[in-house]
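Have a look at the structure below before the remarks.
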Amino acid sequence: ERVALLDADGAADNLIDTELTETHFEGSFAHLIMAGTEERDITVHLPNDGEMGLFEPGRACRVGFARADAVVLAKSELARD
């Protein structure tokens with residue numbers, strides 16, 4: 001995955017300020033689900049190293065990605081995953 005969770009002053013070619021809606025811990029990984037637009041969630045996968053702290057729903061988040069990594073998918077039933 002090419003989307004990174006950033007600090008409040010973090011920089012990237014493309015920035016999205018959003019809100020955490022769900023967190024799923026699966027062994028050595030955490031999946032952070034954030035509000036997107038047009039019913040499209042933003043998902044960031046992070047290693048769960050035991051040091052990541054708590055990610056409570058409602059927390060403000062900033063994510064970003066490089067211009068070269070941007071891919072736009074057509075809206076469809078299968079585009080969510």
Side-chain angles (χ1 to χ4, degrees):
E1 302 295 329
R2 311 254 177 167
V3 176
L5 184 64
L6 304 172
D7 293 330
D9 59 349
D13 292 334
N14 297 285
L15 295 172
I16 302 169
D17 290 308
T18 184
E19 182 177 294
L20 184 67
T21 58
E22 300 175 48
T23 305
H24 302 277
F25 292 98
E26 296 181 15
S28 61
F29 288 94
H31 309 284
L32 307 179
I33 315 297
M34 288 156 269
T37 60
E38 298 180 15
E39 299 180 19
R40 293 184 184 192
D41 293 333
I42 300 165
T43 303
V44 176
H45 307 282
L46 299 173
N48 182 6
D49 60 5
E51 299 292 324
M52 49 185 313
L54 294 175
F55 287 90
E56 298 287 335
R59 175 182 170 169
C61 294
R62 172 174 274 194
V63 296
F65 56 94
R67 181 180 300 113
D69 294 333
V71 176
V72 178
L73 300 174
K75 187 172 182 178
S76 72
E77 291 294 318
L78 300 177
R80 176 172 161 73
D81 296 345

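Since the structure is predicted, the reported quantities are computational estimates derived from the model, not experimental observations.
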Item checked: Test item: side-chain donor near acceptor, E22 and H24, under 3.5 Å -> yes
Next item on the list: Under the ring pair (Phe, Tyr, Trp, His ring centres under 6.0 Å) rule, collect the residues that match up with H31, sequence neighbours excluded.
Entry: H45
Item checked: Verdict with reasoning, T23 to F25, per side chain to side chain contact (heavy atoms under 4.5 Å, CB included) -> CA-CA 7 Å; T23 305; F25 292 98; 3.4 Å; yes
Next item on the list: Hey, could you give me the OG1/CD1 distance between T43 and I33, rounded to the nearest 0.5 Å?
Entry: 3.5 Å
Next item on the list: To the nearest 0.5 Å, tell me how far L15 CG sits from R62 CZ.
Entry: 5.0 Å
Check: Which residue, L6, N14, D13, forms the side chain to side chain contact (heavy atoms under 4.5 Å, CB included) with F65?
Finding: N14
Note to self: Quick check: do L5 and F55 have side-chain heavy atoms less than 4.5 Å from each other?
What the structure shows: yes
Notebook entry, point to check: Same cluster for F29 and V3 if Ile/Leu/Val/Met/Phe/Trp/Tyr side chains link at under 4.5 Å?
Noted result: no
Next item on the list: Scan T21, D41, V44 and name whichever one has a side chain to side chain contact (heavy atoms under 4.5 Å, CB included) with M34.
Entry: V44
Next item on the list: Report yes or no: do I42 and L20 belong to one cluster of Ile/Leu/Val/Met/Phe/Trp/Tyr joined by side chain heavy-atom distances under 4.5 Å?
Entry: yes
